[in-house]
Q: 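Please see the structure below; I have some questions.
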There are 2 protein chains.
Amino acid sequence: MENAPTASQDEGLTPNRTRSLSVADRIRSAILCGDFAPGEKLREVHLSETLGVSRTPIRSALQALAAEGLLDYAPNRGYAVRSFQTAEIVDAYEIRAMMEALAARFAAERGLSDAERAVIEGALADGDRLLAKGSLHDDDRVTYGSINFAFHDAIHSAARCRMLGEMIRLCQSVAPSSHRNIVAFEFDDVRRRHDDHHRIYDAILARDSYRAEILMREHVASVRSSLVRSMLKRAAGSTPPSSRLSAAG
Amino acid sequence: MENAPTASQDEGLTPNRTRSLSVADRIRSAILCGDFAPGEKLREVHLSETLGVSRTPIRSALQALAAEGLLDYAPNRGYAVRSFQTAEIVDAYEIRAMMEALAARFAAERGLSDAERAVIEGALADGDRLLAKGSLHDDDRVTYGSINFAFHDAIHSAARCRMLGEMIRLCQSVAPSSHRNIVAFEFDDVRRRHDDHHRIYDAILARDSYRAEILMREHVASVRSSLVRSMLKRAAGSTPPSSRLSAAG
DNA sequence: TCAACCAATAATGTATACATTCTTGCACAA
DNA sequence: TTGTGCAAGAATGTATACATTATTGGTTGA
């Protein structure tokens with residue numbers, strides 16, 4: 001009902017899309033959207049019936065998602081949604097800070113292509129324009145998210161290192177999996193980070209690899225700090241110790 | 001013939017070993033031993049006949065090895081042995097240097113368990129004993145390899161970060177896959193690196209996370225430098241430019 | 001009441017047949 | 001000779017039946 005037959009919806013744009021890959025995308029989205037509780041078991045037959053494909057592509061998709069770190073696997077016991085502790089998410093930002101710093105260093109050492117330079121300069125200009133307003137609405141935050149992604153993605157590409165890109169992807173797949181992870185950045189936070197972007201770009205252009213590395217490391221680490229601060233604030237605010245026990249179990 | 005029926009060789013020590021996992025281990029070993037040429041295609045039916053299992057566990061194993069980075073995959077075109085350029089191997093050491101440095105920092109921040117401390121002190125003492133001889137035979141180099149592994153593995157464990165451990169594993173799976181990668185370390189190299197181990201342990205014990213990180217980063221980076229030097233020397237020595245064209249194609 | 005045991009059930013693991021896609025080789029025309 | 005097109009073969013993708021392993025529930029014994 002809800003899902004059209006997969007075979008007939010092949011779109012010409014994406015040439016080789018196997019059922020396994022499509023199914024992996026759908027399950028991944030569902031996990032990241034929080035449709036499954038952490039630790040929840042994913043049964044093959046159930047997914048098979050829900051998604052309208054046989055168990056074979058389901059198994060393949062689950063294995064792929066486990067390799068991405070989204071699922072836990074135990075032989076003969078199947079797959080379960082991996083539950084990330086707060087500490088693991090914070091650690092992932094530390095790892096990502098190191099990896100992005102290395103990417104910035106590589107980019108500085110190896111130089112930017114014309115396309116990459118254009119993307120970065122576009123991202124910087126777009127950000128300048130957005131921040132010139134002096135405040136941010138929710139839509140603006142989404143927009144800045146795209147700008148931010150474009151900036152970092154161009155640097156990953158400029159690093160010319162496939163393994164580094166893969167590892168950064170792994171780090172990124174951890175954080176969004178936690179639902180309570182939407183940090184409402186303040187305007188000043190965003191402005192400061194956008195200023196970081198300018199400096200990092202300057203360092204890369206100047207082929208100053210050491211400065212590019214240090215700046216990027218601090219840049220990502222500051223996101224981690226904001227995250228921790230935000231989580232502490234929420235923990236203290238939303239569930240004060242007194243009201244906790246009085247709430248119905 | 002050569003392979004006993006997998007089902008009957010279940011050993012009590014390893015409880016849940018599926019055919020997929022066993023097959024993945026065998027193919028992984030074959031790749032790391034260089035039984036397949038870089039870029040060589042791995043056909044499912046062929047492997048299925050060779051290893052005496054059906055295509056199902058073969059496909060699962062190939063997907064796992066692709067996730068580990070040992071194989072390349074393209075939809076409808078199967079799997080091929082990933083060929084690592086020299087630059088990629090060198091880059092992997094840079095990545096590993098960052099990751100191991102972070103692991104050392106985490107270990108210093110979070111402390112060592114009694115077991116981890118015992119392993120490290122054992123590795124340091126064993127290394128001291130080996131190096132006291134003043135020279136190394138080939139057997140000694142193998143022995144020191146085990147000592148080195150024990151030291152680093154204990155620190156990975158002390159980092160208390162699963163994702164970090166997984167990423168370091170990924171880095172390590174790259175380097176050995178290149179055959180021309182056996183660096184014949186000189187005695188002085190090994191002695192210097194063992195001294196690094198002592199200093200790193202001291203820093204971790206002293207909870208000096210900054211020093212532990214810096215020392216470990218330099219420690220791994222020095223291996224990369226030795227590797228590069230060794231490759232340059234071999235390139236210059238074994239195939240001098242003059243003899244290159246005279247050799248039969 | 002509680003623990004251990006065992007059968008029934010349901011899940012995952014494997015083998016195999018079929019479907020789809022890619023590759024290969026040759027025929028044919030420019 | 002060279003390039004295009006097509007058909008045969010071989011490879012991968014999928015579905016399904018069967019095998020093996022976990023889990024569950026109840027029974028039995030203390």
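So that the names make sense, note that chain A is the first sequence line, chain B the second, and so on, each numbered from 1. No hydrogens, no waters, no symmetry mates; every other heavy atom, side chains included, goes into these values.
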Q: Just call it for B:L42: base, sugar-phosphate, or nothing, with non-hydrogen atoms closer than 4.0 Å on any strand.
A: sugar-phosphate

Q: When you measure from the side chain of A:N76, which nucleotide among C:dT21, D:dA22, C:dT14 comes out closest?
A: D:dA22

Q: Salt bridge or not for B:E88 and A:R162, using N-O below 4.0 Å?
A: no

Q: Could you work out which one of D:dG13, D:dT12, C:dA11 sits closest to the side chain of A:R43?
A: C:dA11

Q: Taking only the side-chain heavy atoms of A:E44 (C-beta and beyond), determine which of C:dG13, C:dA11, C:dT21 contains the nearest atom.
A: C:dG13

Q: Using atom CG of B:L71 as one end and atom P of D:dT12 as the other, report the distance to the nearest whole Å.
A: 12 Å

Q: Would B:E116 and B:S157 count as having a side-chain donor-acceptor pair, cut-off 3.5 Å?
A: yes

Q: Which heavy atom in A:I95 sits nearest to a heavy atom in B:M167, and how many Å separate them?
A: CG2-SD, 3.6 Å

Q: Whole angstrom is fine here: how far is it from CG in B:L21 over to C1' in D:dT21?
A: 14 Å

Q: A:T56 near the nucleic acid: base, sugar-phosphate alone, or nothing, with a heavy-atom cut-off under 4.0 Å?
A: base

Q: What is the distance, to the nearest angstrom, from the CD atom on A:E40 to the C1' atom on C:dA11?
A: 16 Å

Q: B:R77 has a side chain; which of C:dA15, D:dA22, C:dC22 sits nearest to it?
A: C:dC22

Q: Let me know the distance between CD1 of A:I58 and C1' of D:dT14, rounded to the nearest Å.
A: 12 Å

Q: Return the value, rounded to whole Å, for the distance between atom CG of A:L47 and atom P of C:dT12.
A: 9 Å

Q: Can you tell which of D:dT16, C:dG13, C:dA15 lies closest to the side chain of B:P57?
A: C:dA15

Q: Give a yes/no on whether any side-chain N or O of B:S20 is located under 4.0 angstrom from OP1 or OP2 of C:dT14.
A: yes

Q: How long is the line joining OH of B:Y79 and C1' of D:dT12, in whole Å?
A: 10 Å

Q: Side-chain N or O of A:S60 versus OP1/OP2 of D:dG13: is the shortest distance under 4.0 Å?
A: no

Q: Please work out if A:Y73 contacts a base, only the sugar-phosphate, or nothing of the nucleic acid, heavy-atom cut-off 4.0 Å.
A: sugar-phosphate

Q: Can you measure A:R19 atom CZ to D:dT12 atom P for me and round it to whole angstrom units?
A: 18 Å

Q: Has the side chain of A:R55 got a donor or acceptor atom sitting under 3.5 Å from an opposite partner on the base of C:dG13?
A: yes

Q: Between A:R59 (CZ) and C:dT14 (C1'), how many Å, whole number?
A: 8 Å

Q: Is A:E109 paired with A:R105 through a side-chain N to carboxylate O contact shorter than 4.0 Å?
A: yes

Q: Can you see which heavy atom on B:L112 is nearest to which on B:A158, and at what distance?
A: CD2-CB, 3.5 Å

